[in-house]
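Data block below; observations after.
The figures that follow rest on heavy atoms only: side chains count, while hydrogens, waters and symmetry mates do not. Here is how names work: the chains are called A, B, and so on, in the same order as the sequence lines, proteins then strands, and each is numbered from 1.
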There are 2 protein chains.
Amino acid sequence: MSAAQPHKVVSLAEFKAACQSCSLFQLCLPMGIADNELALLDKIIRRRRPLKRGEHLYQQGHSFQSLYAVRSGSIKTYATTEDGREQVTGFHLPGELLGLDAICTERHGCAAVALETCTVCELPYDQVDRLNEFLPGLQQQLVRMMSREILGGQALLALLGKRSAEERLAAYLLNLSGRFQRRGLSGTEFIMSMSRTDIGNYMGLAVETVSRMFTRFQEMGILSVRRKHVVVHQPERLRAIACQSGGCTVLGRAGAALPQTETKNG
Amino acid sequence: MSAAQPHKVVSLAEFKAACQSCSLFQLCLPMGIADNELALLDKIIRRRRPLKRGEHLYQQGHSFQSLYAVRSGSIKTYATTEDGREQVTGFHLPGELLGLDAICTERHGCAAVALETCTVCELPYDQVDRLNEFLPGLQQQLVRMMSREILGGQALLALLGKRSAEERLAAYLLNLSGRFQRRGLSGTEFIMSMSRTDIGNYMGLAVETVSRMFTRFQEMGILSVRRKHVVVHQPERLRAIACQSGGCTVLGRAGAALPQTETKNG
DNA sequence: TCTCTTTTTTGATCTGCGTCAATGTTGGAT
DNA sequence: ATCCAACATTGACGCAGATCAAAAAAGAGA
């Protein structure tokens, strides 16, 4: 992937292939896009050079210009409070959008940093209107994705409001698992690119608690963790734990706690 | 308010006055709407008969048809888990939208019930596209409002993740206060239409804790509560409590924990 | 008005998880 | 290979807030 020239003209097949693995995919292709429109889209969506671990895609407070979609790798978003502590607001895997929360204020309320080497596509927001003329339904699709984000947020709220540490971790793992699976990757064996500290921060738990829970799950034979490498042996038990107090409805069908990725275009 | 004939033709002035106090306001009027368009809008937006306390606007699982805006009164949204317990997902005051989370699944993930006598406006979602042709920017405005909802959700996450009961309640009260104030009502004296149980459920606290915190704030001289009637004597101290661990940045400028209502149309 | 139900408040006790502290592990830099 | 800094694990302890229990207050209906 030599991602040097951002506006390089690609063949249609090549482009479609790229978009399959890319993530703005959902914003465009499902709508039966014509070939000439695809060329237009290609002009507008920018491929950025890959981000290295620790590099920022944008900083908190920066003016909002574009939406981003993760193409590969993973990105953490976090907000820093005035006393210097950070609140992790999300982890973004391939196929997921970043920046939706900045549209209303036209300023990024959180920073986005690569957890590993990443590639992203960029959609300048001021082009959305223009693009919508050629791709009717684009904006509608955007609304749908935002709706999903809101729904996922509610699920997470329920989780943080009244679930034990064990339930939170179980739900978190199932969520990751589901997101990987939906991307065609293994849902039972994957790499968690985020640190324990980040997980704890995100889930409202102390690092130590996160660590203890991983140990407990391991002792129970539910999974194996070695550093960032996870193998889930008994997803059903994980699900049982996550749902034991009936959180599954709220959390969406699969007990996942965050933005789902399926699209229902009934 | 005889809300009998939904499609009654109203004079422009009358309509504008209605919309000032109504809430789909934000979806239409700020965009410099022409008079003939206004008439169209009036045809599409339905005024429903008032809801009495305890009546449902929609039930969990119902198919999604419309967005609703609260015109007066207040509405609670909640999801019921399979074991029959409920998770409150939000309180909606005049000027706020309901149903945004249902767009993606085309099914309501939570129920909406009136906490007191309410009036609402209804915008059939399948009309949004059509309406967008006449009111360019409508959909864009919708996107902006959803973005705000996402942002607010993140703030709430931060709150539930790592704030003490005292901080949560302080933030909750400030949030309510701000929302009333922004609607031109008093931010220091208002009626909390929701029960202590609902507040606790929403904020991830036991009812008893909520009650104790109100008592504590009262003993500190910060406010007076009598049943649902609240008078805030020292908002600064409330703010100091809500922000003491630096949550203000995340929570939006005023320490409010939920969807803000200001619009930035830079 | 009085009764019955629901909501709120207050007190007492118990526990999950945060905090502190110490040790082990890993990967990157030299 | 060796050092170092960041990350992860494990143990001990204390406290905020959940839970249990019961009384008090406020509506709702007759």
Side-chain angles (χ1 to χ4, degrees), chain A residues 52-55 76 85-88 113-117 159-173 191-220 223-230 241 244-245, chain B residues 52-55 76 85-88 113 115-117 158-173 191-220 223-230 241 244-245:
Chain A
K52 281 203 279 285
R53 177 184 153 87
E55 277 189 294
K76 171 180 85 171
R85 293 186 314 179
E86 58 181 64
Q87 162 67 38
V88 174
V113 64
L115 291 173
E116 57 195 315
T117 302
L159 200 61
L160 292 194
K162 51 199 61 147
R163 302 299 178 201
S164 69
E166 197 179 42
E167 291 169 298
R168 291 184 204 192
L169 253 294
Y172 177 75
L173 286 167
I191 302 295
M192 292 188 303
S193 56
M194 58 295 285
S195 69
R196 305 284 194 266
T197 305
D198 284 338
I199 296 172
N201 185 307
Y202 184 52
M203 291 278 101
L205 299 170
V207 206
E208 294 92 330
T209 306
V210 174
S211 185
R212 274 185 256 269
M213 289 305 142
F214 278 133
T215 305
R216 183 186 298 180
F217 286 154
Q218 207 158 218
E219 284 167 350
M220 293 167 80
L223 48 76
S224 308
V225 213
R226 173 148 181 81
R227 200 70 170 177
K228 302 193 180 314
H229 183 213
V230 181
I241 291 171
Q244 69 190 178
S245 17
Chain B
K52 282 204 278 288
R53 175 184 155 86
E55 276 189 296
K76 170 180 87 171
R85 293 186 314 177
E86 57 182 63
Q87 162 68 38
V88 174
V113 64
L115 291 173
E116 57 195 315
T117 302
L159 199 61
L160 292 194
K162 51 200 60 149
R163 302 299 178 201
S164 69
E166 197 179 42
E167 292 169 297
R168 290 184 204 193
L169 253 293
Y172 177 76
L173 286 167
I191 302 295
M192 292 188 304
S193 56
M194 57 296 286
S195 70
R196 306 282 193 267
T197 306
D198 284 339
I199 297 172
N201 185 306
Y202 184 51
M203 290 278 100
L205 299 170
V207 206
E208 294 93 328
T209 306
V210 174
S211 184
R212 275 185 255 269
M213 288 304 142
F214 278 133
T215 306
R216 182 187 298 181
F217 286 154
Q218 208 158 217
E219 284 167 349
M220 293 167 80
L223 47 76
S224 308
V225 213
R226 176 152 179 80
R227 203 70 170 171
K228 300 193 181 314
H229 182 211
V230 180
I241 291 172
Q244 69 191 177
S245 19

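Checked by atom type and distance alone, the side chain of B/E166 never pairs as donor or acceptor with a backbone atom of B/I241 at under 3.5 Å. In this structure, B/R196 contributes its side chain and B/V207 its backbone to no donor-acceptor pair below 3.5 Å.
Separating the CD atom of B/E166 from the P atom of D/dC15 is a distance of 17 Å, rounded to the nearest angstrom. One atom, CE of A/M203, and another, C1' of C/dC17, lie 16 Å apart when rounded to the nearest Å. In this structure, A/E116 places its CD atom 13 Å from P of C/dG28, rounding to the nearest Å. For the pair B/E219 CD and C/dT9 P, the computed distance is 12 Å after rounding to whole Å. Rounding to whole angstrom units, CZ of residue A/R216 and C1' of D/dT10 are separated by 14 Å. Nucleotide D/dC7 holds its C1' atom 19 Å from the NE2 atom of A/H229, rounded to whole Å. A straight line from CZ of A/F214 to P of C/dT25 spans 19 Å, rounded to a whole angstrom. Atom CG in B/L169 sits roughly 14 Å away from atom C1' in D/dA16 (whole-Å rounding).
Taking CZ from A/R227 and OG from A/S195, the interatomic distance works out to 9.5 Å, rounded to the nearest 0.5 Å.
Between D/dA8 and A/K228, a contact under 4.0 Å exists linking OP1 or OP2 to a side-chain N or O. Proximity of B/R212 to the phosphate of C/dT10: no side-chain N or O atom is located under 4.0 Å from OP1 or OP2. For the pair B/R226 and D/dA26, the criterion of a side-chain N or O lying under 4.0 Å from OP1 or OP2 is met.
Take the nearest nucleotide of DNA chain D for B/R168 and for A/T209: the residue whose nucleotide is more 5' is A/T209.
Within the nucleic acid shown, A/A206 comes within 4.0 Å of at least one base atom, counting heavy atoms only. Among the protein residues, A/G200 comes within range of no part of the nucleic acid, since none of its heavy atoms lies under 4.0 Å from any strand.
Side-chain contact between A/M213 and A/Y172 is absent, with no heavy atoms from C-beta onward closer than 4.5 Å.
Closest to the side chain of B/R196, from the set C/dG18, C/dT19, C/dT9, is C/dT9. In the set D/dA8, D/dG17, D/dG11, D/dA8 carries the atom at the smallest distance from any side-chain atom of A/T197. Out of D/dT9, D/dA8, C/dT9, the shortest distance to the side chain of B/S211 is found at C/dT9. Listed nucleotides C/dC17, D/dA8, D/dT19 differ in distance to A/M213; the shortest reach to its side chain belongs to C/dC17. Of the candidates C/dT10, D/dA26, C/dC17, the closest approach to any side-chain atom of B/R227 belongs to D/dA26. Taking every side-chain heavy atom of B/T215 into account, C/dT9 is the closest of C/dT9, D/dA26, D/dA8.
For the side-chain contact (heavy atoms from CB on, under 4.5 Å) test with A/M203, the passing option among A/V88, A/T209, A/L159, A/D198 is A/L159; the others fail.
Within 3.5 Å, no donor on the side chain of A/E208 pairs with an acceptor on the base of C/dC17, nor the reverse.
By the neighbour-count criterion of 12 heavy atoms within 6.0 Å, atom NZ of B/K52 is sparsely surrounded, having that number or fewer from other residues, nucleotides or ligands.
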